[in-house]
Novice: 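Structure provided below as structure tokens; questions to follow.
Letters A, B, ... mirror the listed sequences (proteins, then strands); counts begin at 1.
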2 protein chains.
Amino acid sequence: MGEQEGTCRVRGHPHETAACEHISRMLERISDKWTLLVVRALGNGPLRFNALKREVGGVSQKMLASTLRGLEENGFVLRTVTQDMPPMVEYALTDLGRDFGNPVQTFADWVIRNSERIEASRAAYAERRSVR
Amino acid sequence: MGEQEGTCRVRGHPHETAACEHISRMLERISDKWTLLVVRALGNGPLRFNALKREVGGVSQKMLASTLRGLEENGFVLRTVTQDMPPMVEYALTDLGRDFGNPVQTFADWVIRNSERIEASRAAYAERRSVR
DNA sequence: CGGGATCCTTATCGATACTG
DNA sequence: CAGTATCGATAAGGATCCCG
């Protein structure tokens, strides 16, 4: 492993702000296939592991488990065990997690508003590639 | 957080909301190590390939090339060849690419504002883990 | 039911070499 | 200068088994 001290330029030259460093780190943490989908799924209220798995759809238990651990680590999700046998575990958004939903929603809204332009660009690009 | 109706499922699974689908796809496209750093680097104006490489720092030519192709495909970046020998290629943000900076900035601002809480959560989590 | 441990497949990425 | 092509290391992810 041996991860070096974080710089904005992830592995190269230092300099640049601490801000960049934070953003870059956060992006690496949440920019996987499932994190935001899980946050959205929990937006309607707490869910148990398998209910959440069903709700998100297409996620393996391994990935859901590790995604949840990541969210827990960031303080976005609270894990509560209410029973021991059989295990009964509920996941809920924390205040921070709910608050996090706002910038995510802003991003989501932008994507929705611009999805046609983006898809058009991609179609045009594919066109250019195949013609050329 | 404003919700759409319907269950959010990932591609290839039933009952996906179109919105969720778009968001999920966009996230997959931009959520790599370099895309946002390149967008930021181009925020100050057009740059040539190697200048951009220097500016971003730590990126391999392979990753920079493929990142740029992705951005070009989405319509965020315009590639302009002004000379043939030696090649002289400039990359610049399009209007869409610049506009894209806004939601990203919103996200970035949130991260900055909350980075202490997040880091505190992570420290607490690490603590719990080691003590436990 | 929740989720750790293991194995195995696949996608990512970096380094290197080569071209117009 | 601005890339493409190829190769090998390694990390991410899925499938399966098992245990509390």
Novice: Between A:R48 and C:dC1, is there a side-chain N or O to OP1/OP2 distance below 4.0 Å?
Specialist: no
Novice: Verify, without hydrogens or angle tests, whether A:T67 (side chain) and A:T35 (backbone) share a donor-acceptor contact under 3.5 angstrom.
Specialist: no
Novice: Whole angstrom is fine here: how far is it from CE in A:M85 over to C1' in D:dC19?
Specialist: 9 Å
Novice: The side chain of B:A65 lies closest to which of these nucleotides: C:dG2, D:dA2, D:dT4?
Specialist: D:dT4
Novice: A:D84 or A:K62: which one's nearest nucleotide on DNA chain D is closer to the 5' end?
Specialist: A:K62
Novice: Nearest to the side chain of A:V89, which nucleotide is it out of C:dG14, D:dA2, C:dG3?
Specialist: C:dG3
Novice: Can you see if the side chain of B:R79 gets near the phosphate of D:dG3 - specifically, an N or O under 4.0 Å from OP1 or OP2?
Specialist: yes
Novice: What nucleotide, of D:dC1, C:dG2, D:dT6, holds the atom closest to the side chain of A:N50?
Specialist: C:dG2
Novice: For B:Q83, report the nucleic acid contact type (base, sugar-phosphate, nothing); a contact means any heavy atom under 4.0 Å.
Specialist: nothing
Novice: Side chain of B:N74, backbone of B:F76: donor and acceptor closer than 3.5 Å?
Specialist: no
Novice: Looking only at side-chain N and O atoms, does B:Y91 come under 4.0 Å of OP1 or OP2 in D:dC1?
Specialist: no
Novice: Between A:S60 and A:P87, name the one whose nearest nucleotide on DNA chain D is closer to the 5' end.
Specialist: A:S60
Novice: Does B:R122 pair with B:E116 as a salt bridge, N-O distance under 4.0 Å?
Specialist: no
Novice: Whether A:R29 and B:E119 form a salt bridge (side-chain N of Lys/Arg under 4.0 Å from carboxylate O of Asp/Glu) is what I want to check.
Specialist: yes
Novice: Under 3.5 Å, is there an N or O donor on one side and an acceptor on the other linking the side chain of B:Q61 and the base of C:dG14?
Specialist: no
